[in-house]
Amino acid sequence: MDKAYNPESFESRIYGWWEKSGCFKADDASDKPPFMIAMPPPNVTGALHNGHALTVTIEDALTRWKRMCGFNALWMPGTDHAGIATQMVVERELAKDGLSRHKLGREAFIQKVWEWKEKYGNIITTQLRRLGASPDWSRERFTMDSGLSLAVREVFVSLYEQGLLYRGARIINWCFRCHTALSDLEVVPTERKGHFWHVKYVLSDGSGELVIATTRPETLLGDTAVAVHPEDERYKKLVGEKVRLPLLDREIPIIADAYVDREFGSGALKITPGHDFNDNEIGKRHNLSVINLFDKEGRVNEHGGPYKGRTIAEAREKIVADLIARGLLVRTEDHAHSVGVCQRCERVVEPTVSDQWFVNVKPLAEKAIAAVKLGEKLSLAEVDAREDAIKLVPEGWVNTYYQWMENIRDWCVSRQLWWGHQIPAWYCDKCGHITVSRTDVTKCGKCGSIGVKQDPDVLDTWFSSSLWPFSTLGWPEKTKALETFYPTAVMETGFDILFFWVARMIMMGLHFNGGRAPFKRVYLHAMVRDEKGQKMSKTKGNVIDPLDIIRDFGADAFRFTLSAMAGQGRDVKLSFDRIGGYKAFCNKLWNASRYVLMRLGYVTAEGLAPQPRTDFTALTGGKPLGEWISARRAKLHPVNAWILECFEAAAETVHRGFEEFRLNEAANEVFTFVWNEYCDWYIEFSKSLLESPATADETKVCMLYVLEQTLALAHPLIPFVTEEIFQHLPPRHGVREKEPLMLRPYPVAKRAAPTHASQLVGLWKNSIEALRAFRGENGIAPKARPKVTFEAADAAHAKDFQAGVLYIKAIAQLESLEPESGKLKGDSAAAEILSEGVKFYVPLAGLVDVSGEKKRLEKEKADALKDIEHVKNKLAKETFISKAPKELVDKEREKLAGFAAKLAEIERAISKLQKVAAN
RNA sequence: UGGAGUGUAGCUCAGCGGGAGAGCAUCCCCUUGACACGGGGAAGGUCGUAGGUUCAAUCCCUAUCACUCCAACCA
């Protein structure tokens, strides 16, 4: 083993070994309990970002944990074809060569996209491997592979047959750059600066006028009414009258609708049902006609009269100019408002009425609401035990989820793209009938004409993703995999795709699997931000590339950082300092292991006498380490018993952390155990224990066993370094040669009541700390080896301390530590150090500056006085004595007595010192 | 407008009814035989603010301020 932890030297080697030996594979026919996570399929166009890294960290940790716990763990990987995104990328490539998809034609273009996908589509999965992800790659799926396409068709046709999917003209969001319809979710409301134009609409009979404010004056060409509030006194009498539409001179009615806000603008609203969602609703209520103003390229069509052929921007400009010319523009204000922008290209989208395919999701949503409502009432364990309930974690998301689900609108699923699942509907040239079919159609289902053409549009990418948890398992075939793994255990993803993906998976999963949910738990992780808490973005230039982090710190340090910072409901603020700190942790674990292996003779270091190799197969008499220890647990040396207890307590906490999606708790526990217990104390104690023949053997076994178990405990979080170290451990029973740690059993969680052993070790640790503090605060040279005596408070303590003298002496670096004979106690030139149940005497001569020691004691005195006052105040309250639990009152009284005794000791020590100072 | 969350040491965060914790940063000492990606010591906090419940509140309740996120609206 190298002296320093160097992740680059082994991470890729270890990964290759795991993958080659089939460690990631799940088994359809296993009799182990199933556990499945469907990995959110990254876009084929994607490059690894920190969101992926967080996803992988959490899901891989959960999968590895469950796998080691004896589950048939399947982490299902795959990629998403990402319709618009991928098509745009390939079109951009083509543009470089002066080509376009239209020049190429549909078939050739799709061919090109497939070629692009073959070439670049697995970059992202390669990157996931660098993080140590352990999905079953042999099952990797792609949303457009044949099996998944079959599932898509099955769902489309079934929904159609059930009357839940239809084609119709509805108002949708249209992007003029991407030339496609978008769902509500793909439109991002964005704050933009604009204007507020106040326009005069003159009454037809010339008796007056209305002023109407608008941010989109060009849409007035499509107005079919003006609406006022029915209760608005100003306009009440005008309802039923008509106004002349400015510029076009069309006559339109004034209608009354409670939607209008009297306070806003002039209180009169122009109604454009063709290009505004709310106006469209109002139009339906009042039977208004719908005018579609723009062609697919975003130019004004024949309904725009003289403005025909202009783009939206041009039309707006001209219309404003014309309004001014005719004196119809009352005034213009600056106005910041939010407009819908295309998620992909950021261009302002236009609500437009268009023929599209829609899914009537309302009935599906009701079931989806019920499943989550049920989950809300149940505990995690109860949800796990059934198939119809879903638990959202953190639970705060449920309200948002209900609100969205309750107000859900029909889902526009058709996209005017070429890359995606082409819609399985065929139109008859002759009779116009639409044939929707699972298999390709060559003649009309109604008139039998062979003049049929398939719908050129494709489905929304999220349509296929919504089937992911079951389509990847072979659905609609009744596969063994589906039977084994559905419903999946956990859906883990970012909250930003709760509606895009999670909600739709729930709806589809329940609907197509007989009311069985696609997953039992949903864990929504937070956002990864930069260290100032800002969103990472290319424009801000604060993007941290995960691959750079892995290169500089190693995948384990990165994963450990993400785990440690991924508290529920809190964003992850990535900072290099923190990652560096966790790299130091990996180094610590590495070196602690080196220490163990050196002591056992399996690692030799420069300048160090080689130790003989410990033969564990002989030492443990053919038993695995754990069994050997269990058999003599009660007789172990207190230090060995103590570290085992510590480990068991840590294991329990780590289990709970994983169980409740609190990876930060798991990570912190691992960190604290390894560093603050195993390294800071156990290893220090072991140095003495290994010296003594009475304790050497059992210490070797315990040291190795706890290390081995610790590696297992930490493995889901830091898989590489733990595996690498594990492979260096000496041969022993119960572990096959070259057995991968990742397939070893996970440490069992059980926390026993602390025994006398931990109490003893606790006392020794306290003593050592008191002695160290004395040294530190008095500036005693590190090389000095004082001769110290001790005096215990009572016989029991005396015995306990006597048992620890050897270790206290060694760790506190003392020349000697012996029971006080009365000599130093009476010596005014000896310092007194108080610790729990014991007092130490240190000769001051040549060691300590008396004034410094006095200062230390004065501080202790002040602390003691504060303690006493605090407890006294508490005990002075009659209500406390009478109402607080009796044990607590007794405890406080004991505390007071203890503090008082301590104070007396301190005061005595001080007065003693004063004598010295006086001399 | 509605919903959720967060305000604790200089920074990043744990804790959540019985006297405030960690990591990093700071200061002092140490190249001690695992580790300077290290060891030892120290300093640092009216736990956002104001009320209330309780014998007891950083923790529970109410109000308030600040920030963040989600959803809706935005003529």
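All values reported here derive from a predicted model rather than from experimental measurement. Just so we're on the same page: letters track the sequence lines, and every chain starts at 1.
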Exercise for the section: Establish, with yes or no, whether the OP1 or OP2 oxygen of B:rU54 is under 4.0 angstrom from a side-chain nitrogen or oxygen of A:Lys883. Expected result: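 It does not, given that no N or O in the side chain of A:Lys883 lies less than 4.0 Å from OP1 or OP2 of B:rU54.
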Measuring only the [atom1] atom in each nucleotide, how far is [N] from [M]? A whole number of Å is fine.
| N | M | atom1 | answer |
| --- | --- | --- | --- |
| B:rU54 | B:rC74 | C1' | 47 Å |
| B:rU64 | B:rG7 | C1' | 14 Å |
| B:rU58 | B:rC47 | P | 7 Å |
| B:rC69 | B:rC37 | C1' | 36 Å |
| B:rG51 | B:rA43 | C1' | 35 Å |
| B:rA9 | B:rC24 | C1' | 12 Å |
| B:rU8 | B:rA50 | P | 16 Å |
| B:rA66 | B:rA34 | C1' | 48 Å |

Handout entry: Cationic tip of A:Lys270 above A:Tyr201 ring, under 6.0 Å, 45° of axis
Key =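 Geometry flag: not set, cation outside 6.0 Å or 45°.
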Problem - Cationic tip of A:Arg772 above A:Trp681 ring, under 6.0 Å, 45° of axis - result: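 Here A:Arg772 passes the 6.0 Å and 45° test against A:Trp681.
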Could you tell me which nucleotide pairs with [N] by Watson-Crick or G-U wobble geometry, both distances under 3.5 Å, or answer none if nothing does?
| N | value |
| --- | --- |
| B:rU58 | none |
| B:rA34 | none |
| B:rG21 | B:rC13 |
| B:rC74 | none |
| B:rG45 | none |

Problem - Output field: ring centroids A:Phe558/A:Phe553 closer than 6.0 Å - result: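 Ring centres of A:Phe553 and A:Phe558 not closer than 6.0 Å.
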Practice task
Determine whether any donor atom in the side chain of A:Lys588 lies under 3.5 Å from an acceptor atom in the base of B:rC35, or the reverse, and answer yes or no.
Solution key: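 When only heavy-atom distances are counted, A:Lys588 does reach the base of B:rC35 through a donor-acceptor pair under 3.5 Å.
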Practice task
Quick one: label A:Gln813 by what it contacts on the DNA or RNA (base, sugar-phosphate, nothing), any heavy atom closer than 4.0 Å.
Solution key: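 The answer is base, as A:Gln813 lies within the cut-off (heavy atoms under 4.0 Å) of a base atom.
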